[in-house]
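Reading through the structure tokens given below for one structure.
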Amino acid sequence: MATSNGADVCLTGICRSYGDVQVVRDVNLKASGGEILALLGPSGCGKTTTLRMVAGLVQPSAGDITIDGASVTGLPVHRRNLGMLFQNYALFPHLTVLENVAFGLSMRGVSRAETAERARQALALVRLTGFEDRMPAALSGGQQQRVAMARAIVYRPRVLLLDEPFGALDKKLREEMQIELRQLCNELGLTTILVTHDQEEALILADQIAVMRGGRIEQVAAARVIYERPVSHFVADFIGTSNFLPAAIVEKMGGRTVLKSPQGAIFVSTVPNDFSAQDRVAVAIRPESVRLTAGSAPAAANTLSGTIRRSLFKGQILSIWMEFAAGAELVVSVPIEEAGARSPEPGETWTARWSEERTLVVREQ
Amino acid sequence: MNETVSPLLKIVVGIILLIVVAPLVVPLLMSISDTPFIVFPPQGFTLKWYGAVLANPEARASFLFSLELAAIVTAVSLALGVPCAAGLTRFKLPGQDAILGLILSPLIVPLIVTGVALLQLFAMLGSRATLLQLVIGHTVVCLPYVIRSVSASLLLVNRNLEDAASVLGAPPHIVATRVIWPQVRPGILAGGIFSFIVSFDDYPISMWLADGNHFPVPLYLYTVIERSFDPSIAAIASLMIFFALLLVLVIEKVFGLSLARLAS
């Protein structure tokens with residue numbers, strides 16, 4: 001199969017309402033050739049509706065969708081030449097595996113002989129050679145997933161759409177399939193749009209992640225950037241876990257932002273942000289960014305002392321809750337290997353520190 | 001599906017089958033009795049009563065008329081029932097439950113009452129079109145069977161499959177024939193066969209609406225019993241049983257597998 005046949009997909013000002021309810025509001029997105037874009041968000045955030053609009057299964061109330069520069073907004077579903085994986089695979093139960101995979105080719109008027117040949121190749125690609133004559137009901141979940149995958153890519157679609165494709169698989173199989181899918185998409189150079197509510201899945205699979213909330217795009221960026229530089233409380237909270245400390249910007253100079261909490265603690269961040277002193281912001285600290293030392297310490301930037309309240313063993317890490325002001329707790333993750341002989345015990349006083357590069361400034365709602 | 005069946009279940013199923021099937025064996029046995037009147041157990045063996053029935057022009061005419069009537073009724077029931085079931089399952093309509101209740105009500109009202117009501121209605125209208133009256137009367141009774149089985153299969157249709165087919169490049173008419181049709185076919189076929197058998201076996205409606213030229217088999221059977229009591233009655237009954245059995249075998253042979261596959 002050809003490499004890099006991925007198209008550019010562009011959504012401009014896309015809206016969708018059902019009656020008075022606006023499900024998708026002014027979504028602007030771009031997936032460049034061969035890229036994997038994840039639409040990530042909680043259920044009801046409009047991500048699936050957005051994907052279905054790209055597929056043509058739902059019509060936008062406003063806005064335009066283009067594929068390789070040409071508008072497809074008015075084009076019926078069956079003429080868009082896309083591939084799609086559905087939540088429950090949606091294999092045709094009355095057709096064999098081979099007939100399922102061949103369906104898209106026969107719709108394109110490909111000759112019988114070539115259809116059979118290409119369907120076999122696609123099945124070989126997903127490692128299902130020998131399953132041609134089985135019925136879908138006789139396959140395991142992972143195998144059905146692979147058949148659906150072969151069926152979606154066999155006719156070389158311009159774009160691949162994935163709607164929560166791994167939701168029905170158990171954790172271990174899901175991870176295997178995610179890695180397999182990522183390889184396959186890269187090999188075929190397919191532009192892929194993935195809908196998921198699983199942040200881990202988005203981080204594993206996607207080049208770009210668009211975090212959605214209430215029908216809007218909250219942030220679009222590379223997976224790594226989303227994790228390291230979330231712009232809002234919502235994104236920081238949805239991807240990974242974070243501590244949020246209320247603070248106001250005191251000054252910005254050079255690449256540094258200086259913030260002050262209501263209790264007077266000073267935070268310094270060197271992570272770039274677009275906020276000014278008027279914006280409502282908070283400081284977000286990942287539990288894994290914090291280092292703990294025993295005893296209290298004199299006041300300094302990005303330093304909090306407090307009393308250990310609880311600690312919880314979670315396998316690879318130890319989660320520790322430290323109360324640094326009345327009713328305010330900081331959650332810290334300590335890798336088991338680093339905890340050593342002297343690990344924090346409830347009631348003791350410890351000091352938490354984190355670096356300026358790990359101090360995130362996010363928009364508060 | 002293939003778990004071992006407990007012996008108790010086997011025994012219960014065996015008893016139920018015996019109760020249901022054993023009475024059907026009785027006319028079969030009586031029909032081969034080489035005696036001038038019905039006896040049980042049968043004495044001797046002969047197929048002459050079948051020959052007599054098949055050679056009898058009245059019996060043949062009744063049988064052919066019943067076939068014709070059942071075929072027309074089935075066609076009309078399907079033509080009305082399939083769109084009706086599709087409408088009731090695919091759209092949210094005001095008064096949907098009331099409509100469904102109305103359509104299914106002939107299953108609740110005694111058939112003999114429905115029959116006499118129809119007779120009065122047709123008499124009021126001054127209608128003399130017996131075939132049309134019979135078709136209407138039988139359709140009223142057969143329609144619920146069609147709507148029930150077609151609705152059931154439409155409710156089981158996976159809408160995702162339609163989306164999948166469209167995305168794969170299938171225009172709407174191909175989605176209908178290659179994706180929706182295979183899923184609803186067993187339901188439509190089952191509804192059609194039910195409708196055929198119900199019409200073919202009907203006595204209480206036909207009793208009020210038939211005339212000498214339109215005389216279905218069940219009515220003929222009844223008049224023969226009144227006239228004489230020879231084993232040809234048992235032969236007619238046996239032929240009706242064979243015919244119904246044949247229909248059921250056809251469904252099982254052609255569609256039994258696909259039904260099992262869809263259910264799994």
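Numbered from 1 within each chain, the chains take letters A, B, ... in sequence-line order. Computed over heavy atoms, backbone and side chain alike; hydrogens, waters and symmetry mates excluded.
- Between Arg182(A) and Asp207(A), at least one side-chain nitrogen of the basic residue sits less than 4.0 Å from a carboxylate oxygen of the acidic one, meeting the salt-bridge criterion.
- Look at Arg127(A) and Glu180(A) and you find a salt bridge, because one of the NZ, NE, NH1 or NH2 atoms lies within 4.0 Å of a carboxylate O, short of that distance.
- Annotation: side-chain hydrogen bond (donor to acceptor under 3.5 Å, both in side chains) contacts of Glu114(A) (sequence neighbours excluded): Arg118(A).
- Residues of residues 74-103 of chain B never come closer than 4.5 Å to chain A when only heavy atoms are counted.
- Within the 4.5 angstrom heavy-atom criterion, atoms from both the backbone and the side chain of Arg151(A) approach chain B.
- Put simply, the side chain of Asp68(A) gets close to the backbone of Asp8(A): a donor and an acceptor are under 3.5 Å apart.
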In sequence, state the C-alpha distance, the side-chain angles, and the governing distance for Glu35(A) and Thr191(A), and then conclude on side-chain hydrogen bond (donor to acceptor under 3.5 Å, both in side chains). CA-CA 5 Å; Glu35(A) 193 173 72; Thr191(A) 307; over 6 Å; no

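- Between the side chain of Ser66(B) and the backbone N or O of Val217(B) there is at least one donor-acceptor pair closer than 3.5 Å.
- Under the 3.5 Å distance criterion, with hydrogens and angles disregarded, no donor-acceptor pair is assigned to the side chains of Thr12(A) and Asp64(A).
- Within the cation-pi definition used here (under 6.0 Å to the ring centroid, within 45° of the axis), Arg108(A) qualifies as a partner of Tyr155(A).
- Chain A is approached within less than 4.5 Å, heavy atom to heavy atom, by Asn160(B), Leu161(B), Asp163(B), Ala164(B), Ala165(B), Ser166(B), Val167(B), Leu168(B) from residues 136-168 of chain B, ordered by number.
- Classified by interplanar angle (parallel below 30°, tilted 30° to 60°, perpendicular above 60°), the ring pair Phe103(A)/Phe92(A) is tilted.
- Note: Phe200(B) and Phe196(B) have parallel aromatic rings, judged against thresholds of 30 and 60 degrees for the angle between ring planes.
- Ser6(B) places a side-chain N or O within donor-acceptor distance of the main-chain N or O of Leu9(B), the cut-off being under 3.5 Å.
- A donor and an acceptor atom, one from each side chain of Glu164(A) and His197(A), are located under 3.5 Å apart.
- Interface with chain B: from residues 74-89 of chain A, residues Val77(A), His78(A), Leu82(A), Gly83(A), Met84(A), Phe86(A) qualify, criterion being any non-hydrogen pair under 4.5 Å.
- Side chains of Asp133(A) and Thr96(A): a donor-acceptor N/O pair is absent below 3.5 angstrom, by distance only.
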